[in-house]
4 protein chains.
Amino acid sequence: MSKKNKPTNQKEMSFIEKARRTQIVECAIETIAEVGYAQASLGQIAKRANISKGVISYHFSNKEELLEQIPIEYYLAWQAYVAPRIEAQTSPKDMLRVYIESNFAFIDENRQHVFAVIEVVSNKRTDDGKLQFAAGHDEAILLPIENILTLGMQEGVFREFTRSSARVMALTIRHAIDGFTLELVRKPHLDVQEYARELVTLFDKSTKK
Amino acid sequence: MSKKNKPTNQKEMSFIEKARRTQIVECAIETIAEVGYAQASLGQIAKRANISKGVISYHFSNKEELLEQIPIEYYLAWQAYVAPRIEAQTSPKDMLRVYIESNFAFIDENRQHVFAVIEVVSNKRTDDGKLQFAAGHDEAILLPIENILTLGMQEGVFREFTRSSARVMALTIRHAIDGFTLELVRKPHLDVQEYARELVTLFDKSTKK
Amino acid sequence: MSKKNKPTNQKEMSFIEKARRTQIVECAIETIAEVGYAQASLGQIAKRANISKGVISYHFSNKEELLEQIPIEYYLAWQAYVAPRIEAQTSPKDMLRVYIESNFAFIDENRQHVFAVIEVVSNKRTDDGKLQFAAGHDEAILLPIENILTLGMQEGVFREFTRSSARVMALTIRHAIDGFTLELVRKPHLDVQEYARELVTLFDKSTKK
Amino acid sequence: MSKKNKPTNQKEMSFIEKARRTQIVECAIETIAEVGYAQASLGQIAKRANISKGVISYHFSNKEELLEQIPIEYYLAWQAYVAPRIEAQTSPKDMLRVYIESNFAFIDENRQHVFAVIEVVSNKRTDDGKLQFAAGHDEAILLPIENILTLGMQEGVFREFTRSSARVMALTIRHAIDGFTLELVRKPHLDVQEYARELVTLFDKSTKK
DNA sequence: TATGAATGAGGATTCATTCAT
DNA sequence: AATGAATGAATCCTCATTCAT
């Protein structure tokens with residue numbers, strides 16, 4: 001794994017090409033979610049898609065390139081879902097609540113995808129074996145939370161945060177959400193809304209003045 | 001993977017046998033921590049241990065059996081470290097603080113082991129492909145936290161928790177700790193003590209009346 | 001490879017068809033010359049021709065049929081180049097000189113083509129695995145040299161050759177030329193004319209009475 | 001192909017290991033000689049050796065490493081055969097004769113090996129597709145001939161050679177020998193000794209004063 | 001107990017070829 | 001006439017596991 005993987009010049013991708021790629025990525029997600037990263041061979045994925053292994057190689061230069069799409073697509077969908085909901089809020093407290101609630105709703109509606117992302121991301125390594133993202137919190141993912149915290153602090157509704165303590169707060173919120181995801185994998189019948197409510201309370205208290 | 005795996009009748013394990021097994025598990029931990037789950041073949045592990053691949057098969061009926069030792073040993077060491085420190089406390093608030101602090105200290109001192117556990121556990125699946133432990137929170141791991149919460153509630157220093165909200169609280173604390181671990185993988189120079197302090201504050205506030 | 005390969009009934013080949021075939025063969029030559037026989041897949045060739053892979057299959061029933069064109073075309077061009085130049089000579093000695101010189105000139109002007117021929121021919125095998133042409137000296141290629149030798153012998157300017165020793169002589173001349181070609185591949189800056197001159201001297205001496 | 005290929009630290013190679021490697025190389029030679037380079041897959045080679053494919057991978061890190069042994073072994077055997085025979089001669093003329101004769105004898109006795117070498121060498125390419133040795137005349141192979149020519153010149157029995165014309169002479173002799181090899185592939189019943197004799201005459205004349 | 005050797009299944013990838021459009 | 005898409009066989013390689021010594 002991990003050579004060049006040029007992302008297949010997007011300008012020139014036909015409609016049908018895009019559809020196929022999407023379908024294959026979809027199947028990869030299902031496969032990883034159901035049998036796990038290690039067992040998700042191209043063969044397995046192809047079988048689930050009812051296509052031949054070669055088709056995958058035809059549309060993706062690499063297994064790596066295929067797997068990369070999973071977090072990419074996820075992140076885009078996540079942002080499209082979460083961002084507008086937060087922007088619709090005015091108070092930082094509501095923003096934080098909505099951040100948690102919309103994340104939970106999004107996860108609930110995209111269980112397989114979330115889980116596949118976790119698997120891919122937690123198995124992605126650089127050539128020298130180092131984990132590339134670990135549980136993988138890009139700045140891009142933490143930033144919205146940190147912004148909410150800053151805003152709440154400026155408005156005087158949240159307690160004081162240093163740069164560092166804001167970061168810990170943000171990370172803890174993310175970890176709570178991500179951790180919940182894994183919990184959901186084990187116990188699919190968890191009451192998602194109740195869990196979300198509890199978390200809202202918890203972080204409400206922990207951010208209060 | 002995952003056939004019978006008879007755990008090598010423990011009565012009859014000689015001292016030297018135990019030592020060998022320990023040594024091999026140790027090397028497995030190092031290997032996984034350094035090159036990742038996928039690359040941690042028996043060959044790699046054997047090479048690191050300066051023994052032949054066959055030795056591993058001789059001492060463990062399976063790769064699976066070998067890997068299982070990693071969380072098992074970890075759990076025992078974790079308990080031996082954390083439990084007495086909590087028991088030394090009298091107030092629930094201090095218990096919670098010490099729970100967090102001692103977990104952080106333990107992680108800091110056993111980085112490789114923690115990381116290997118994460119890898120093993122997040123790749124461990126039942127024969128039908130289901131994740132066996134997910135982020136892996138046995139009741140045994142959550143119980144101590146829940147006990148602290150109950151105690152604090154009874155003593156009137158913590159807010160009211162339903163069974164369900166206590167569980168969410170406990171899970172969130174665990175997720176914060178586990179999430180921090182992954183963060184530590186990515187950023188080994190994180191200030192562990194400061195992070196712990198922040199977390200203590202955070203959960204102090206969120207449990208307060 | 002190697003099934004029927006009907007050579008596309010030549011009567012019915014349109015002009016455009018011929019042009020396409022020629023273009024494709026041209027690209028095959030370039031590809032083989034540059035990346036080598038093993039890497040010269042239809043995909044590579046098509047890419048270089050800026051056409052789709054399918055086009056090749058459309059115009060040639062086989063990869064085999066395509067590759068066959070390379071030595072065929074080469075032989076025709078070679079003959080058209082060399083034959084008249086020899087015929088313009090009167091003395092056997094000059095003929096031999098011109099044979100060598102014109103071969104060298106031809107090779108120099110058609111380096112890619114020569115090299116592709118070598119690759120194709122040295123990889124071409126019958127269905128039972130036997131090399132089909134080896135270094136590929138058809139009678140047709142040796143004949144002109146043997147004719148020159150015979151003539152020179154009859155005119156008394158060359159030494160006596162038995163049928164068998166004439167054949168060795170002819171082969172050696174060919175091998176010298178073909179060997180030079182490979183040398184040229186490795187060292188493209190070789191002084192072709194000087195090499196030719198040396199070879200003329202060498203074979204002049206070796207044929208002398 | 002063509003990554004690191006560390007040549008398996010030779011110090012530590014056991015007897016049985018060496019034997020196996022030799023056997024496998026032997027089979028690779030046979031396979032290449034009989035079915036050709038392109039068809040000589042590890043599977044084919046393993047089948048001929050009556051071993052499983054994995055055995056090859058066990059003893060050689062690469063297909064590349066395996067194939068490399070073929071010319072290496074050949075060169076060593078060739079040198080061991082030819083060198084002492086030449087050194088046993090006193091006159092340059094005899095040396096040249098013996099060089100040709102012993103090469104022919106060696107080829108005759110090692111037909112498969114010679115042929116395999118040709119295939120390997122003519123398919124060996126650098127990563128950027130350039131032929132690595134072409135027909136592959138290392139200095140090491142040409143040097144003995146050039147030494148003979150120089151000696152003959154100094155003793156006044158050979159004609160004058162410039163550095164460049166000596167090289168052409170040497171190359172031509174090699175090409176004659178290598179070309180004969182290919183001829184032998186096509187026509188296994190060639191009279192080797194007669195061919196050698198003819199070549200001796202030919203080069204005798206062409207080196208004469 | 002330990003080892004080197006061997007196995008064979010499974011994985012990713014490449015490729016000639018076919019086919020509907 | 002041409003193309004993009006799909007196929008499935010074949011290839012090299014890795015690896016857990018077994019076994020004789």
Side-chain angles (χ1 to χ4, degrees), chain A residues 1 3 12-17 19-20 38-46 49-66, chain B residues 1 3 14 16-17 20 38-46 49-67, chain C residues 1 3 14 16-17 19-20 38-46 51-67, chain D residues 1 3 12-17 19-20 38-46 49-64 66:
Chain A
M1 267 215 220
K3 297 245 161 128
E12 311 190 41
M13 238 198 299
S14 75
F15 171 73
I16 209 165
E17 166 80 3
R20 253 297 191 235
Q39 294 302 316
S41 67
L42 290 190
Q44 283 291 319
I45 295 168
N50 264 322
I51 54 177
S52 103
K53 252 191 312 179
V55 185
I56 300 180
S57 295
Y58 178 76
H59 291 283
F60 297 88
S61 53
N62 260 342
K63 190 182 187 185
E64 201 186 357
E65 198 208 326
L66 165 57
Chain B
M1 268 216 224
K3 295 253 161 118
S14 74
I16 209 168
E17 165 80 4
R20 255 296 193 231
Q39 295 302 317
S41 67
L42 291 190
Q44 283 290 318
I45 295 169
N50 265 324
I51 55 177
S52 100
K53 253 190 316 178
V55 187
I56 299 180
S57 296
Y58 181 79
H59 291 283
F60 297 87
S61 53
N62 259 342
K63 189 184 189 184
E64 202 185 355
E65 199 208 326
L66 165 57
L67 296 187
Chain C
M1 268 213 220
K3 295 251 162 118
S14 74
I16 208 164
E17 165 79 4
R20 255 296 192 230
Q39 294 302 317
S41 67
L42 290 190
Q44 283 290 319
I45 295 169
I51 56 176
S52 101
K53 254 191 313 180
V55 187
I56 299 180
S57 297
Y58 182 78
H59 290 283
F60 298 88
S61 54
N62 260 341
K63 190 184 187 183
E64 202 185 355
E65 199 208 326
L66 165 57
L67 296 187
Chain D
M1 269 214 220
K3 296 250 160 119
E12 310 190 42
M13 239 198 299
S14 76
F15 170 73
I16 208 164
E17 166 81 2
R20 251 298 190 236
Q39 294 302 317
S41 67
L42 290 190
Q44 284 291 318
I45 295 169
N50 263 324
I51 55 176
S52 102
K53 253 189 315 178
V55 186
I56 300 180
S57 296
Y58 179 76
H59 291 283
F60 297 88
S61 53
N62 261 341
K63 190 182 187 184
E64 200 184 358
L66 166 56

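Chain identifiers are assigned alphabetically (A, B, ...) following the order of the sequence lines, protein sequences preceding nucleic acid strands; residue numbering begins at 1 within each chain.
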* Spacing between A/Glu17 atom CD and F/dA6 atom P, to the nearest angstrom -> 9 Å
* Structure fact -> Taken to the nearest 0.5 Å, the spacing of D/Tyr58 OH from D/Glu17 CD works out to 6.5 Å
* To the nearest 0.5 Å, how far apart are NZ in C/Lys63 and OG in C/Ser57? -> 11.0 Å
List every contact pair, protein side and nucleotides 18-21 of chain F side both N or O, where the distance is under 3.5 Å.
none

* Can you check whether A/Ser14 has a side-chain N or O nearer than 4.0 Å to OP1 or OP2 of F/dA5? -> yes
* State whether A/His59 places a side-chain N or O below 4.0 Å from either non-bridging phosphate oxygen (OP1 or OP2) of F/dG4. => no
* **Closest-nucleotide ordering on DNA chain E, the 5'-leading residue of A/Gln39 and C/Ala38** => A/Gln39
* Structure fact -> Judged by nearest nucleotide, the residue sitting upstream toward the 5' end of DNA chain F, B/Gln44 or A/Ile16, is A/Ile16
* Structure fact -> To the nearest 0.5 Å, atom CD1 of D/Ile56 lies from atom CG of D/Leu42 at 5.0 Å
* Rounded off to whole Å, could you give me the CG-to-C1' distance for the D/Leu66 and F/dC13 pair? => 14 Å
* Closest to side chain of C/Ile51, choosing from F/dT3, E/dT3, E/dA5 -> F/dT3
* Structure fact -> Assign each of A/Asn50 and D/Leu42 the nucleotide of DNA chain F bearing its closest heavy atom; nearer the 5' end lies the nucleotide of A/Asn50
* D/Ile56 CD1 - F/dC15 P separation (whole Å) -> 18 Å
* Nearest to the side chain of B/Ser41 - E/dA16, F/dG4, F/dC15? -> F/dC15
* CD1 of C/Ile45 versus P of E/dC15: gap in Å, rounded? -> 11 Å
* To do: May I ask you to verify if any side-chain N or O of D/Arg20 is less than 4.0 angstrom from the OP1 or OP2 atom of E/dG4?
  => no
* Structure fact -> NE2 of C/His59 to CD1 of C/Ile16, rounded to nearest 0.5 Å, is 8.5 Å
* Structure fact -> Between CG of C/Leu67 and C1' of E/dA16 the distance, given in whole Å, is 12 Å
* DNA chain F base-pair string [pairs: Watson-Crick or G-U under 3.5 Å; |: paired with another strand] -> .||||||||||||||||||||
* Asked: Does a side-chain N or O from B/Asn62 land closer than 4.0 Å to OP1 or OP2 of F/dT17, or not?
  -> yes
* **Shortest side-chain distance from A/Lys63, nucleotide among E/dA16, E/dA12, F/dT7** => E/dA12
* Structure fact -> NZ of B/Lys53 to CD of B/Gln44, rounded to nearest 0.5 Å, is 11.0 Å
